[in-house]
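Below, chain A is the first sequence line, B the second, and so on; all start at residue 1. Note that the structure is predicted; figures quoted are calculated from it, not measured.
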Protein chains: 2
Amino acid sequence: MSVTSTQDGLKFSEITRTAAQTRVLDAALKLISEHGVSGTSLQMIADEMGVTKAAVYRQFKTKDEIVIAITEREMSKLEDVLEAAEAEGHPLRARAVLLDRMVEQAVNRRDAFRVPMFDPVIIRLQAEYEPFQRFIERLYAALLGTEAGVEARLHAAMLSSAISVAVMHPLLADVDGETLRAQLKQMTSRMLGIPE
Amino acid sequence: MSVTSTQDGLKFSEITRTAAQTRVLDAALKLISEHGVSGTSLQMIADEMGVTKAAVYRQFKTKDEIVIAITEREMSKLEDVLEAAEAEGHPLRARAVLLDRMVEQAVNRRDAFRVPMFDPVIIRLQAEYEPFQRFIERLYAALLGTEAGVEARLHAAMLSSAISVAVMHPLLADVDGETLRAQLKQMTSRMLGIPE
DNA sequence: GTCTATAAGATGATAGAC
DNA sequence: GTCTATCATCTTATAGAC
């Protein structure tokens with residue numbers, strides 16, 4: 001996995017994509033959320049778009065670039081959420097806002113939200129690619145609130161993952177978004193001992 | 001993914017494997033936990049074992065059979081846990097025991113435990129292959145306790161996934177097993193309102 | 001149980017025409 | 001921006017010798 005970017009130093013939300021590139025990313029994300037990165041070939045992406053592989057390679061030089069671009073786009077959405085939270089000033093308020101908005105994101109984008117969290121290829125990428133590392137550290141910091149011990153880290157780990165997974169869980173497949181949103185917010189608050 | 005088994009009607013724990021087959025499954029599970037099913041080739045498995053691909057194909061006719069066998073073996077370990085829980089008789093006691101033992105399993109096998117839960121290939125397999133379907137339904141039933149509403153299902157979904165993910169979470173990478181075990185048990189109890 | 005050798009197809013990626 | 005055609009390499013899988 002080659003790890004270079006042409007857009008270093010930018011906020012993820014400042015990265016611009018052409019309409020053609022966006023179409024590639026949409027098709028790729030859909031397939032990757034179903035089959036994972038390794039289980040998704042360029043042929044599959046091209047077929048999903050109704051074009052040939054060569055047309056896809058016009059927009060992105062390598063498969064890696066597509067995976068990086070998808071991760072950037074997903075993180076960009078979380079970046080907005082994170083900045084809204086950090087703007088709260090007080091760490092505990094910030095954490096509450098962050099969790100609240102993460103629930104919104106997860107429920108609104110049930111299929112795609114968990115992709116960057118659980119795919120082994122993207123996990124590797126996040127560990128190797130500096131901008132992703134920096135972003136995740138920021139996210140963890142906000143998720144930890146004011147605490148620092150093992151318990152706080154367990155809370156943060158369980159919450160961030162439970163939200164991502166719950167929205168896709170077979171047991172909850174038939175639950176509508178509104179109900180899921182309300183229940184998830186209640187549970188996250190309860191886990192942290194925040195009054196409901 | 002062809003979905004046939006030669007060992008139908010057996011409990012997972014009654015399936016027997018030769019020593020050579022076990023070596024294949026060990027190598028495959030290790031690689032799959034790092035790279036996912038699609039990201040793991042038979043060449044990688046053979047290299048990990050220090051033999052050639054042909055030697056691997058002696059033990060299992062297809063890659064699918066290896067993936068099925070790994071899933072059977074993982075479920076077999078959860079099956080023991082599930083049976084211990086079901087033997088409790090009272091559904092609420094059963095759920096408490098199940099969660100307790102799931103935490104044990106997850107902590108003892110931090111790398112492998114989440115494999116069957118999150119790999120897209122295995123998720124598909126579980127939906128298509130009847131013995132897996134039946135087992136998962138049994139597991140969910142025990143996880144739900146006596147309740148039936150959305151809230152109970154959210155609890156079950158969040159708990160089962162949060163346990164699996166937490167043990168592998170980067171925020172908890174440096175936490176030792178003993179501490180992790182204690183913290184996880186406390187959290188699962190708290191989420192369900194079980195007195196600690 | 002292991003090997004070498006090989007087949008048939010898929011994969012990521014490129015060249016060059018329209 | 002799309003296509004056809006091509007490439008080297010990797011993939012799953014098999015045949016047959018030791």
Side-chain angles (χ1 to χ4, degrees), chain A residues 1-6 16-71 119-122 124-125 128-129, chain B residues 1-6 16-71 119-122 124-125 128-129:
Chain A
M1 174 80 62
S2 89
V3 176
T4 40
S5 170
T6 48
T16 51
R17 299 289 176 196
T18 65
Q21 285 179 319
T22 300
R23 277 197 312 268
V24 172
L25 297 184
D26 290 343
L29 178 59
K30 183 192 164 190
L31 291 165
I32 286 173
S33 76
E34 279 170 49
H35 305 102
V37 171
S38 296
T40 302
S41 70
L42 273 130
Q43 188 63 66
M44 289 163 75
I45 296 170
D47 290 348
E48 173 77 23
M49 297 174 68
V51 297
T52 62
K53 276 189 294 178
V56 177
Y57 275 108
R58 263 279 108 175
Q59 307 307 325
F60 293 95
K61 272 200 281 289
T62 64
K63 184 183 175 183
D64 284 6
E65 278 188 26
I66 296 176
V67 175
I68 290 173
I70 284 177
T71 310
D119 190 283
V121 174
I122 297 185
R124 229 156 245 249
L125 186 63
E128 285 167 16
Y129 188 49
Chain B
M1 174 78 62
S2 88
V3 176
T4 40
S5 170
T6 49
T16 51
R17 298 289 176 196
T18 65
Q21 285 179 319
T22 301
R23 265 181 282 136
V24 172
L25 297 184
D26 290 343
L29 178 59
K30 183 192 164 190
L31 291 165
I32 286 173
S33 76
E34 280 172 48
H35 304 103
V37 171
S38 296
T40 303
S41 70
L42 273 131
Q43 187 63 67
M44 289 164 76
I45 296 170
D47 290 348
E48 174 75 23
M49 297 173 68
V51 297
T52 61
K53 276 187 293 177
V56 177
Y57 275 109
R58 260 281 108 177
Q59 308 306 326
F60 294 95
K61 274 201 279 289
T62 64
K63 183 183 174 181
D64 284 7
E65 278 188 26
I66 296 176
V67 175
I68 290 173
I70 284 177
T71 310
D119 189 284
V121 174
I122 297 185
R124 228 156 243 248
L125 186 62
E128 284 167 17
Y129 188 49

For A:V56 and A:I66: C-alpha separation, side-chain torsions, deciding distance, then whether side chain to side chain contact (heavy atoms under 4.5 Å, CB included) applies. CA-CA 10 Å; A:V56 177; A:I66 296 176; 4.0 Å; yes
If you take any heavy atom closer than 4.0 Å to DNA chain C, which residues from residues 26-36 of chain B end up in contact?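 None - not one residue of the stretch has a heavy atom sitting under 4.0 Å from the strand.
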In whole Å, I'd like the distance from the [atom1] atom of [X] to the [atom2] atom of [N].
{"X": "A:M49", "N": "D:dG1", "atom1": "CE", "atom2": "P", "value": "10 Å"}
{"X": "A:Q59", "N": "D:dG1", "atom1": "CD", "atom2": "C1'", "value": "7 Å"}
{"X": "A:Q43", "N": "D:dT4", "atom1": "CD", "atom2": "P", "value": "11 Å"}

Protein proximity profile, nucleotides 13-18 of chain D - base contact B, sugar-phosphate-only contact S, no contact -, cut-off 4.0 Å on heavy atoms: BBB---
Could you measure the distance from the [atom1] atom of [X] to the [atom2] atom of [Y]? Nearest 0.5 Å is fine.
{"X": "B:L125", "Y": "B:D64", "atom1": "CG", "atom2": "CG", "result": "7.5 Å"}
{"X": "A:I70", "Y": "A:I32", "atom1": "CD1", "atom2": "CD1", "result": "4.0 Å"}
{"X": "A:M44", "Y": "A:L31", "atom1": "CE", "atom2": "CG", "result": "5.0 Å"}
{"X": "A:Q59", "Y": "A:E65", "atom1": "CD", "atom2": "CD", "result": "11.5 Å"}
{"X": "B:T52", "Y": "B:L42", "atom1": "OG1", "atom2": "CG", "result": "11.0 Å"}

Once you apply a heavy-atom cut-off of 4.0 Å, does A:T52 come out as touching a base, just sugar-phosphate, or nothing? base
From the options D:dC3, C:dG12, D:dG1, select the nucleotide whose nearest atom is closest to the side chain of A:A20. D:dG1
Nearest to the B:R23 side chain among C:dT2, C:dT11, D:dC3, which nucleotide is it?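 It is C:dT2.
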Checking side chain to side chain contact (heavy atoms under 4.5 Å, CB included) for the pair A:K63/A:I45: CA distance, chi angles, key distance, verdict? CA-CA 10 Å; A:K63 184 183 175 183; A:I45 296 170; 5.8 Å; no
Determine the minimum heavy-atom distance between B:P120 and A:G36, stating which atoms define it.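 So the two residues come closest at CG-N, 3.8 Å.
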